[in-house]
Asker: 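Starting off with a structure, shown below.
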Amino acid sequence: MIEIEHLSKHYGDNIVVDDVSFAVGDGEIAVVVGTSGAGKSTLLRMINRLVVPNTGRVLIDGQDTATLPEDELRHRIGYVIQGYGLFPHRTVAENISTVPRLLGWDRRRIAARVEELLDLFQLDPGEFAQKFPHQLSGGQQQRVGVARALAAKPALLLMDEPFGSLDPVIRGKAQDDLLAIQRRLGTTIVLVTHDMNEAFHLGDRIAVMDQARLLQYAKPADLLTHPAEAFVEQLVGTAERPFRLLSLVTVKDAMEPGSAEGEPITVSATLRDALAQLIWRGRPALPVTDASGAPVGRISVDGILKHGRASLS
Amino acid sequence: MPTLRPTLHLDRLGSVIAGLIGLALVASPFVTYRANRIVSGEGRLLFDALPPAGAVGTILVVIGVALCAALAHRPLVRLAAASLGLCVIFPAVGVSAGFVTPVGNTFARVSPAIGFWLLALAFALLAADALTRLRLGPWGRLAALSIAAGMLALLLLSGAWSDLSLMKEYANRAESFWREGRQHLWLAFGSMGAACLVGLPLGLASHRVPALRAALLQGLSIVQTIPSIALFGILIAPLGYLAANVPLAAALGIRGIGAAPAFIALFLYSLLPVVANTMAGLSQVPADVTEAARGMGLSRRQRLVQIELPLAFPVILAGIRIVLVQNLGLATIAALIGGGGFGTFVFQGIGQTAIDLVLLGALPTVALSFAAAIILDAIIDLTRRGGHDRD
Ligand SMILES: Nc1ncnc2c1ncn2[C@@H]1O[C@H](COP(=O)(O)OP(=O)(O)OP(=O)(O)O)[C@@H](O)[C@H]1O
Ligand SMILES: [Mg+2]
């Protein structure tokens, strides 16, 4: 559990973060969105005290971070930035083992951890462990950056536009991988982005910032249905709202009993994907199967529209 | 057919080299003969400078190298040709000295003349060009340097050159040659070491404190613009005062003239490259790298030692390379104020119009600077771990 209480930061007369409070539950992903210069990075950097707040405090599991030695605090918090900041003179294995070495882990444990992480991020240890960062593609560098941040098993991971320099295809894959790994490890994540799709894809809760202030902190669906201010509404995009809503719900919630003809859809697909399939196949309904491929019901255009209207009201 | 290449394709640099060789062979004396060490001499063309068989052999080899330079494409072939040429003309000029000197005459002097130097230059150019085209790695370049140094040592130790005027000058002063050599190295390396000891912390400090940066760089740049003679002059007064009034200074051998002001001048000239490159090296460490290091909880010290200095190291070394090459050359000037070094022979030689004595001081200086540049360049490449230049 991390609690941010009345954090403020100003540089001279320029107020960069203005009295921001919110809390992130264990194992949750909180995404901070907002326009450029809104103060997102500054807010994130106050959590690991790279920036010292003027007022307010940050509690991690009830403990005020200001009471901990800075370096010790940062050893416990993973940190990933846009350019990844991999050390160019160190191999992938050496990069990943940075914090474990600072913590004095023994060699065997470090080697085992590096191998485990490379496997987790689908990088063959035999091929990648001894490579230097400049020998990696952007997507591979990104994965090494996250692996490095997770090396000492932090309970909290801070990410500042971690996918910002990836192309759209790789970015989508990287987001899915991050979600899978996060579900597995149960890491709490605070992630900064200005990509709204990314925010809705990853966030359990979304914090919208504008001009140093936190405008709204809510679940994605609430943000869509009950935007706190005009700015939030504008940011999430009025025209895209219904589709974003559909993308937050899976087929399971709008499924009907019965059967239908055609290419089946899995229960875990989002309603948005299901609607796309229905339109594309030109059918009023399609069969739904579970993970093992067994038929469990059907999904129809009418059913989706009904569900959409219900969640809006 | 359009794919057919012309069988003979002239290499541009090679043609220039071949031209140089032709000029050396036809129009320039290979050695100069003088009745004694300071009178002016008469030139001997290569054909007259060696016994007939040797002369013909040498000329054939030299022409062969010229053809290779103009026509051969494979760098290894060109390198082999250049090496062969050098391995022939260097001993040849020694043999020529014995051949040209009348038997029993101990006053006559024979020196390499313009033709020899042109040939040596042409072959060296050819070798350097071939080595560049071979794209040798750092170890390859070090190996090439060692081989060249070994051949030179062999040439000098074998006595093949002992009839040359240069080696006669050496034989007359063997002891002082090595003494001045040590002094030269001490001046160059000692002042470099001192500049590193002072310059690295200064560079670090001015990287951290921007206010210091401008002032320091400007001050050191001004020092760089003072001519060495003027700097010696400026140093005489304070050092003389120090020697007269501080017993410890006098005991350390500090005087207004001599090695002390030379050492200090070299040290002052060395500071700018060391400080400037330390700063440049540290400031080119990417911002996201330092940010990540800070975010992962590396302390200030750990960041400096583990991240910033290793990443800045090649640039700092480049500064040290500049300093060393510069100091090995500049140390020659120390002799002007009695500071010793190879410059001693240069200035003596100029005074006596004995060109070979000048060479006795100048050639080792050039060789040292050259070797230092190659060695440090190789080390810089070797320290660029994970850089884009290494794969
Ligand atoms: N060290 C600093 N000194 C002065 N001003 C700063 C400093 N750091 C940030 N700022 C200012 O604070 C404001 C917010 O910066 P911040 O980096 O937090 O924005 P951001 O929301 O992350 O923007 P972006 O999306 O472009 O990354 C900006 O106006 C910036 O100029
Ligand atoms: Mg930012």
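A note on names: the letters A, B, ... follow the listed sequences, proteins ahead of strands, and every chain is numbered from 1.
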Asker: Of the backbone (N, CA, C, O) and the side chain (C-beta and beyond), which part of A:Glu94 lies under 4.5 Å from a heavy atom of chain B, both, or neither?
Answerer: side chain
Asker: A:Pro88 and side-chain contact (heavy atoms from CB on, under 4.5 Å): which partner among B:Leu311, B:Val285, B:Ile307?
Answerer: B:Leu311
Asker: Using a strict 4.0 Å threshold on nitrogen-to-oxygen distance, state whether A:Glu70 and B:Arg300 make a salt bridge.
Answerer: no
Asker: Of all of A:Glu72, A:Arg49, A:Arg148, A:Arg76, which one pairs up most often with chain B through heavy atoms under 4.5 Å apart?
Answerer: A:Arg148
Asker: Where do A:Leu86 and B:Val289 come nearest, in terms of heavy atoms and distance?
Answerer: O-CG2, 3.4 Å
Asker: Between B:Gln306 and chain A, with a heavy-atom cut-off of 4.5 Å, which part of the residue counts as in contact: side chain, backbone, both or neither?
Answerer: both
Asker: Quick one: which of A:Val99, A:Leu102, A:Thr98 has the most heavy-atom pairs under 4.5 Å with chain B, could you say?
Answerer: A:Leu102
Asker: For chain B, find which of A:Ile77, A:Val80, A:Ile81 contributes the most heavy-atom pairs closer than 4.5 angstrom.
Answerer: A:Ile81
Asker: Top residue by heavy-atom pair count (under 4.5 Å) with chain A, among B:Pro286, B:Gly295, B:Ala292, B:Ala287?
Answerer: B:Gly295
Asker: Would you call A:Arg45 and B:Arg294 a side-chain contact if the rule is heavy atoms closer than 4.5 Å?
Answerer: yes
Asker: Near B:Arg74 CZ, under 6.0 Å, is it more than 12 heavy atoms from other residues, nucleotides or ligands?
Answerer: no
